[in-house]
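First comes the structure, then the notes that go with it.
Every heavy atom of this structure was used, including side-chain atoms; hydrogens, water molecules and symmetry mates were not. What you are looking at is a predicted structure, and each value in this text was computed from that prediction instead of being measured.
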Amino acid sequence: MSFTAQDSSYMARAIQLAPRGWFTTRTNPRVGCVLVKDNIIIGEGWHEKPGFAHAEINALNHAGESAKGATAYVTLEPCAHHGKTGPCAEALVEAGVARVVAAMLDPNPLVAGKGMKILEKAGIKTEYGLMQAQAETLNPGFIKRMTKGLPRVIAKVGMSLDGRTAMAIGESQWITGASARRDVQRLRAESGAIITGSGTVVIDNPSMNVREQAFTANPHFTQPVRVIIDSQNIVEPDAKIFSHEGHCWLVSGHLSEKGYPANVEQKTVALLPGKDEVSHQKVDLKALLIMLAEAGINDVLIEAGSGLVGAFVAQELVDELVVYMAPKLMGSAARPMFQLPLETMQQNIELTLNDIRQIGNDLRLNYYFKKA
């Protein structure tokens, strides 16, 4: 399909609009839409929150009756199914648009080309593939969930210059500075769920929520689900992580009879056998991620100790690693970044550096796992 420079300009505008819902669309994709008629933008919209109007509907409402005969530029194929809102493809047909250009087809099996077919059947000219690579960067978690049945997983680690994440006794507050911790708030805000382990909850007693006003002041913002893996049932109901606004999952192999607060939902996940009679069973991490995907979670952030993060890495379940490196030395007795049972150089895990920048006095390094 051939597109003009004007087509690219209008699609670029739609791609600019989509991130306005970056921290609020949660289970839904981030989408932008622009309506153009006689080379003039007559309507713009973006998706704000699940259950609210989609980008196309907002743009149509903005344009009003002028939408008849217009071209719609949308970053994702208009939906064709009835969910919390009606099909956008049908709304575009009813509005009388003449042409629809989508950056990419929807990977959601409920749509997957069906939206374009509805438009074509109504005599509307359809095209797709314009600036697809840029559109895909808007929704990596949604795309992975729809194509692989798993959420996108980012592991966040704060470490010293000598690669240590906690002292031998488990003490880890605070390795990085205030600026880095504020930056972590952004990672949390853009995640649908945050996973941590019972050891972190017991030792550090963290809140693990989003506190920055830049995010929480948005009326559409909702706290990510806080997921605590507790295969030994050692987390108590008065843990600070349960005392804040937002939903919590307490994950184990069986339900506990402890009286947890109303915002805590106990989830049972299969346990994997320990390596020997001494080691306790571990939660099946992939099964947990599948459960999160089935709940509509697109993006997961892991904030945990070296054992749990190492287990996710060892099982090749992590897509991206974000490391905050502080200008400190914690010594050889301190705990390493990961607990990984690697013995030879052939077993090493390769990563690709995607970004590096200074955050306060610390460095933030973003890596992709090559196998992922």
Side-chain angles (χ1 to χ4, degrees), residues 22 29 107 132-166 175-176 180 183-184 186-197 200 224 227 229 251 269 272 282-294 297-326 335-357 359 362-372:
W22 192 269
Q132 178 170 329
Q134 294 91 325
E136 288 175 346
T137 64
L138 296 169
N139 296 293
F142 177 77
I143 293 170
K144 184 182 178 185
R145 180 166 70 89
M146 290 299 159
T147 57
K148 298 184 178 180
L150 290 167
R152 173 173 172 252
V153 178
I154 296 176
K156 165 261 171 183
V157 177
M159 73 171 192
S160 62
L161 187 60
D162 51 350
R164 303 294 166 169
T165 59
I175 295 174
T176 56
D183 196 63
V184 172
R186 176 188 56 81
L187 286 178
R188 290 180 182 177
E190 64 186 15
S191 302
I194 302 169
I195 295 178
T196 193
T200 297
V227 181
I229 298 176
V251 180
V269 178
L272 301 176
K282 307 284 189 180
V283 164
D284 185 331
L285 299 179
K286 186 172 183 179
L288 172 58
L289 291 178
I290 291 173
M291 184 181 292
L292 286 166
E294 290 174 345
I297 302 297
N298 295 321
D299 300 279
V300 169
L301 177 66
I302 302 172
E303 291 192 66
S306 59
L308 182 55
V309 178
F312 273 101
V313 171
Q315 295 175 42
E316 299 180 5
L317 297 173
V318 180
D319 299 291
E320 185 176 351
L321 176 64
V322 179
V323 178
Y324 294 89
M325 186 169 66
R335 298 182 182 182
M337 183 188 301
F338 305 126
Q339 291 181 25
L340 286 172
L342 307 181
E343 297 178 356
T344 67
M345 281 299 294
Q346 289 184 332
Q347 295 176 306
N348 77 83
I349 298 172
E350 290 191 66
L351 301 94
T352 300
L353 180 63
N354 179 57
D355 183 70
I356 180 171
R357 63 188 63 196
I359 308 291
D362 306 315
L363 290 180
R364 188 188 72 201
L365 303 99
N366 292 61
Y367 294 95
Y368 290 124
F369 284 81
K370 285 193 173 180
K371 288 187 178 180

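Shown here are the salt bridge (Lys or Arg N to Asp or Glu O under 4.0 Å) partners of Arg188, two or more places apart in sequence or in another chain: Glu303. The side-chain hydrogen bond (donor to acceptor under 3.5 Å, both in side chains) test applied to Tyr324 returns Asp183, not counting sequence neighbours. With sequence neighbours left out, the side-chain hydrogen bond (donor to acceptor under 3.5 Å, both in side chains) criterion links Asp162 to Ser160. Every side chain to side chain contact (heavy atoms under 4.5 Å, CB included) that Ser191 has, sequence neighbours left out, goes to Leu301. Every residue was checked against the side-chain hydrogen bond (donor to acceptor under 3.5 Å, both in side chains) condition with Thr200, not counting sequence neighbours, and none meets it. The side chain to side chain contact (heavy atoms under 4.5 Å, CB included) check on Glu136 picks up Met104, Gln132, Ile143, with sequence neighbours excluded. With sequence neighbours excluded, no residue forms a side-chain hydrogen bond (donor to acceptor under 3.5 Å, both in side chains) with Asn139. Residues forming a side chain to side chain contact (heavy atoms under 4.5 Å, CB included) with Ala326 (at least two apart in sequence, or on another chain): Ile175, Thr176, Lys328, Asp362. When the side chain to side chain contact (heavy atoms under 4.5 Å, CB included) test is applied to Asp299, the partners found at least two apart in sequence or on another chain are Arg30, Arg152.
The CE atom of Met159 sits 5.0 Å away from the CE atom of Met325 when rounded to the nearest 0.5 Å. Remark: Ile356 CD1 to Asn366 CG distance equals 9.5 Å, nearest 0.5 Å. To the nearest 0.5 angstrom, Tyr368 atom OH is 12.0 Å from Leu351 atom CG.
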Donor-acceptor contacts under 3.5 Å from residues 284-291 side chains, at least two apart:
from, atom 1, to, atom 2, distance (Å)
Asp284, OD1, Lys286, N, 3.3
Asp284, OD1, Ala287, N, 3.1

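Of the candidates Val251, Thr196, Ile297, Val251 is the only one forming a side chain to side chain contact (heavy atoms under 4.5 Å, CB included) with Val227.
Side chain of Asp319 to main chain of Val153: a donor-acceptor pair is present (N/O by atom type, distance under 3.5 Å, no hydrogens or angles). Judged by distance alone, with hydrogens and angles left aside, the side-chain atoms of Ser306 form no donor-acceptor pair with the main-chain N or O of Met337 at under 3.5 Å.
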